[in-house]
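As structure tokens, the structure follows; a few thoughts come after it.
Residue numbers start from 1 in every chain, and the chains themselves are labelled A, B, ... in the order their sequence lines are given, proteins ahead of strands. Owing to the predicted nature of the structure, the values given are computational and were not obtained by experimental measurement.
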Protein chains: 2
Amino acid sequence: MAAGEQITEDQLAQISGVSRTPVREAVRRLEDELLLVRSDTKRLFVADWSRDDIEEMFVLRQMLEGHAAERAASRLSREQIAALEAVNRDLTAAVEQASPDVARFLEANRAFHDVIIDAAQSPRLAQLLARLVEAPVVLRTARTYTREDLLQSARDHDELIAAFTARDPDWARAVMGSHLRRAFHTFARAVGPTKERDAAA
Amino acid sequence: MAAGEQITEDQLAQISGVSRTPVREAVRRLEDELLLVRSDTKRLFVADWSRDDIEEMFVLRQMLEGHAAERAASRLSREQIAALEAVNRDLTAAVEQASPDVARFLEANRAFHDVIIDAAQSPRLAQLLARLVEAPVVLRTARTYTREDLLQSARDHDELIAAFTARDPDWARAVMGSHLRRAFHTFARAVGPTKERDAAA
DNA sequence: CGGGAGCAATTTGTATACAATAACCCGTGC
DNA sequence: GCACGGGTTATTGTATACAAATTGCTCCCG
């Protein structure tokens, strides 16, 4: 639905075919994720994310996920590193095809990052990142990826695995940082110059 | 209530004198803050924070609030800096008395940090920090402060103001970092050695 | 023609009742 | 004596009804 549009709990309830009670809980989550915002007096609107909003999200994610990579470097088990390798093989296969399978890429990508966050062994960090990495935003970002962007992601993951294998926290953090920062610039390039607000629906 | 104890929504509703509907929303927030946790199958328990849990909270807070201070350094208005000075004068007064007024210290301290977070102009950052800085934990931490600890906090704030006045982001971040890291060690000293779990009620 | 008071309609907040699911107790068979 | 079901109780999840609050419209008055 359109950014900035007002929406009522009742409408969402009818759309989803459930009563307002569970809708209210879902709305609370979407408010936490800043996908819905409440007007001055409790009325509900769909959020309008500017380019700057998305950059800020990437900056925070870089900070937190970099920290996760740093912690994971000294905590990942051999099995977890093997899992990362397996997942990234799948991700690479999804991308190396003539026409990349973006859905499969996204699923593998999420799995990859989940292993790292899990290995960081910090429930609070995991929780903050869950709030930050919103599916709709990631999805829109991924749509703007070219095949070369996707391949570069796969290579970043390979280097992350190398950093983990070497048990080098600084290396891991640095790779994660450039990985995410590049993702932001890929997105920014697609969205266009800084001044314009993002009007995607 | 005791850590680890089971609690039901019904009990909380009776205690607060409202129905389960608003209680459920409040419980959701407390779950977000990890003050309540759900068992494997949705049953509700009051969380049991270990010393490591609290350290992790401080580490994350240091990272995020350091970032906030860095951004604030180049964004704070003259009025906001003046507000920080006023708030810290009040904080200092509350602490310099023979018997420090801890409640007043806490309120001034919160106001001080709120100005900085507000000046950072990042709604997402503000939201993450709100989830992180839990009143009960801060309260328990503050109880362990000696008069000298409180005075050191006031001096930290003074140095932060100096960093802001100089418009030096790196300085601001560094001061904020040591400010929060010291707070953690003050807490850790009071709680005791690392190995023990925190059993406060 | 403009401004404001008051009423109607919309929207969110809360209470209550009921449905679904999980834990617990107890007896039975081996 | 112990594992396994069956049924009862406890607890969470959802629907519905109603209360409170906010908006916006309308109509009256200057």
Separation of C:dT10 atom P from A:Leu12 atom CG, nearest Å, is 18 Å
- Item | Salt-bridge criterion met for A:Arg20 and A:Asp10 (N-O under 4.0 Å) | no
Look at B:Arg28 together with B:Asp32 and state whether they make a salt bridge at an N to O cut-off of under 4.0 Å.
no
Here the distance between atom P of C:dT10 and atom CD1 of A:Ile7, to the nearest Å, is 16 Å
Separation of C:dC24 atom C1' from B:Gln6 atom CD, nearest Å, is 12 Å
Sorted by chain and number, sequence neighbours left out, salt bridge (Lys or Arg N to Asp or Glu O under 4.0 Å) with B:Arg182 holds for B:Asp156
Check this for me: A:Arg29, atom CZ, are more than 12 non-hydrogen atoms of other residues, nucleotides or ligands nearer than 6.0 Å? no
Here the distance between atom C1' of C:dT21 and atom CG of B:Leu44, to the nearest Å, is 16 Å
Within residues 32-42 of chain A, those residues having any heavy atom closer than 4.0 Å to DNA chain D are A:Thr41
When rounded to whole Å, the CD to P distance for the pair A:Glu9 and D:dT22 reads 15 Å
Counting primed atoms, P, OP1 and OP2 as sugar-phosphate and everything else as base, the B/S/- map of nucleotides 14-21 of chain D against protein heavy atoms under 4.0 Å is BBB-----
Hits for salt bridge (Lys or Arg N to Asp or Glu O under 4.0 Å) against A:Arg181, two or more places apart or cross-chain, chain-then-number order -> A:Glu55
A:Leu36/A:Phe45 under side-chain contact (heavy atoms from CB on, under 4.5 Å): CA gap, chis, key distance, verdict | CA-CA 6 Å; A:Leu36 293 178; A:Phe45 297 84; over 6 Å; no
For B:Glu159, the salt bridge (Lys or Arg N to Asp or Glu O under 4.0 Å) test, sequence neighbours excluded, returns none
With sequence neighbours left out, the residues meeting side chain to side chain donor-acceptor pair (under 3.5 Å) with A:Arg124 are none
